Amino acid sequence: MGSGPRTTADREPPHTLREFYEDPAVPVASGDARSRRQALMLARALGPVRPGAPPATVLDIGCGDGSAAAVAATVLSGHRIVGVDWSQDALRRAATRVPYAVRGELGDSGLPFADGSADAVLFSEVIEHLVDPDAALDELRRVLRPGGHLMLSTPNLAAWYNRGLLLAGVQPVFSEVSMRGIHGRPGTQVVGHLRLYTARALRGFLPACGFEVVRIAGAPYHDVPRPLRPLDRAACRLPSLASVLLVHARRRRE
């Protein structure tokens, strides 16, 4: 028998979400280009490290294999980046890329950080995987200091190609109807998306959770067919049409 990586079709289906995300075959990294765009947005928000001032504490919640945190570290020089994930497999990989990688989750036990202890949170393509995003944002708000920065990225349900697919009666990209296989949409890989967002939805949802939206930008999607990539990059100029939404929000001051 071969010993190569298992595909969605030939691996045993997961019985729980935890089993799904602990499976090494499930992707736990987002694209470097998106990670860099997000980190640059945060670097502009934080500003340079002032002489004698302590570094900002940046939590990468749902850090996966640590690749996004490693990209961010090249942009956020002088700041302290801590990777956080619930998957032990992901943390083992993250530990090779970031100096701090700790286990934590957004469920009942909460994150292992004190109230107001973080200056910023990177939340890269995590919210679409959550059963209870309201409770998750409450927990992020708790660990952020007043005025602290939330840098959230998530696939855009209203991406330019999804609008066309829906008109044609095709299941939109990023959406999933099964944890065991792809049905009715382009693509070949199950990644566990439970919820999808538009820019309009995030502009309403984040303030309802105690955040002020500062800016929404767009980013391209690495899996767009090569001939369509120039169009995908052009769509980033109008975030409501972009493949990926990059949101800069701040915890509202009491």
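In this text the structure is predicted, and so the values were computed from the model without any measurement.
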Please assess Arg195 against Ile127 for the test side-chain contact (heavy atoms from CB on, under 4.5 Å), listing each intermediate value before the final yes or no.
CA-CA 8 Å; Arg195 299 178 182 275; Ile127 196 169; over 6 Å; no
Could you please spell out the steps behind the side-chain contact (heavy atoms from CB on, under 4.5 Å) verdict for Leu167 and Arg163?
CA-CA 6 Å; Leu167 283 173; Arg163 299 182 186 214; 5.7 Å; no
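- Scanning all heavy atoms of the two residues, the minimum distance from Gly218 to Ala242 falls at CA-CB, 3.6 Å.
- Minimum interatomic distance between Pro146 and Arg253 (heavy atoms only, all atoms of both residues): O-NH1, 3.5 Å.
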Does Ser67 form a side-chain contact (heavy atoms from CB on, under 4.5 Å) with Arg97? I'd like the steps, not just the answer.
CA-CA 7 Å; Ser67 57; Arg97 293 185 169 98; 4.2 Å; yes
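- Atom CG of Leu228 and atom CZ of Arg233 lie 11.0 Å apart (nearest 0.5 Å).
- Residue Leu46 is grouped with residue Leu246 when hydrophobic side chains (ILVMFWY) are merged at heavy-atom distances under 4.5 angstrom, including chains of intermediate members.
- Looking only at distances, no side-chain donor or acceptor of Arg185 sits under 3.5 Å from a matching main-chain atom of Glu176.
- Residues Ser117 and Thr57 have side chains not in contact (no heavy-atom distance under 4.5 Å, counting atoms from C-beta outward).
- Between the CD1 atom in Ile216 and the OG atom in Ser153 there is a gap of 12.5 Å [rounded to 0.5 Å].
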Is there a ring-ring contact (aromatic ring centres under 6.0 Å, His included) between Phe205 and Phe211 once you walk through the steps?
CA-CA 9 Å; Phe205 181 40; Phe211 292 91; 9.4 Å; no
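- The closest side-chain heavy-atom distance from Leu42 to Val58 is below 4.5 Å.
- In this structure, CZ on Arg44 lies 5.5 Å from CZ on Arg215, to the nearest 0.5 angstrom.
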Trace of the side-chain contact (heavy atoms from CB on, under 4.5 Å) decision for Phe123 with Leu59:
CA-CA 8 Å; Phe123 204 44; Leu59 307 180; over 6 Å; no
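- Heavy atoms only, all atoms of each residue included: Ser243 and Val224 are closest at OG-CG2, 4.3 Å.
- Judged by distance alone, with hydrogens and angles left aside, the side-chain atoms of His129 form a donor-acceptor pair with the main-chain N or O of Gly192 at under 3.5 Å.
- Residues Tyr197 and Leu206 are not in side-chain contact: their nearest non-hydrogen atoms beyond the backbone lie 4.5 Å or more apart.
- Side-chain contact between Asn156 and Tyr221 is absent, with no heavy atoms from C-beta onward closer than 4.5 Å.
- A donor-acceptor contact under 3.5 angstrom links the side chains of Thr154 and Glu128, judged on distance only.
- A donor-acceptor pair is defined here as one N or O able to donate and one able to accept, closer than 3.5 Å; no such pair exists between the side chain of Arg103 and the backbone of Ser87.
- Between the side chain of Glu139 and the backbone N or O of Leu106, no donor-acceptor pair lies under 3.5 Å.
- Among Leu122, Val247, Leu137, Val214, the single residue meeting the side-chain contact (heavy atoms from CB on, under 4.5 Å) criterion with Leu150 is Leu137.
- Shown here for Gly66 and Val98, the closest heavy-atom pair between the two residues is O-CG1, 4.0 Å.
- Ion pairing between a basic and an acidic side chain is recognised when a charged N comes within 4.0 Å of a carboxylate O; Glu212 and Arg251 show no such pairing.
- Atom OG1 of Thr198 sits about 7.5 Å away from atom CG of Leu245, to the nearest 0.5 Å.
- Within the 3.5 Å criterion, the main-chain N or O of Gly64 finds a donor-acceptor partner in the side chain of Asp85.
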Contacts under 3.5 angstrom, residues 72-80 side chains, donor-acceptor by atom type, not counting sequence neighbours:
from	atom 1	to	atom 2	distance (Å)
Thr74	OG1	Val71	O	2.6
His79	ND1	Ala56	N	3.2

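- One N or O on the side chain of Arg250 and one on the backbone of Gly147 form a donor-acceptor pair closer than 3.5 Å.
- Leu152 and Leu40 are assigned to two separate hydrophobic clusters, defined by single-linkage of ILVMFWY side chains at heavy-atom distances under 4.5 Å.
- Leu238 and Met41 end up in different hydrophobic clusters when Ile, Leu, Val, Met, Phe, Trp and Tyr side chains are linked at under 4.5 Å.
- Under the 4.5 Å side-chain heavy-atom criterion for grouping Ile, Leu, Val, Met, Phe, Trp and Tyr, Ile81 is not connected to Val102 through any hydrophobic cluster.
- When every heavy atom of Pro230 is checked against every heavy atom of Pro227, the shortest pair comes out as CD-O, 3.7 Å.
- Between Leu130 and Leu194 the shortest side-chain heavy-atom distance does not fall below 4.5 Å.
- Of the candidates Leu166, Val177, Leu165, Asn162, Val177 is the only one forming a side-chain contact (heavy atoms from CB on, under 4.5 Å) with Gln171.
- In this structure, the side chains of Ser240 and Arg200 stay at 4.5 Å or more apart for every pair of heavy atoms.
- Contact detail for Leu91 and Cys63: the closest heavy-atom pair is CD2-SG, 4.3 Å.
- Ion pairing between a basic and an acidic side chain is recognised when a charged N comes within 4.0 Å of a carboxylate O; Arg142 and Asp138 show no such pairing.
- At least one side-chain heavy atom of Ile61 sits under 4.5 Å from a side-chain heavy atom of Leu111.
- Val190 and Phe174 are assigned to two separate hydrophobic clusters, defined by single-linkage of ILVMFWY side chains at heavy-atom distances under 4.5 Å.
- Side-chain contact check for Glu125 versus Arg34: some heavy-atom pair is nearer than 4.5 Å.
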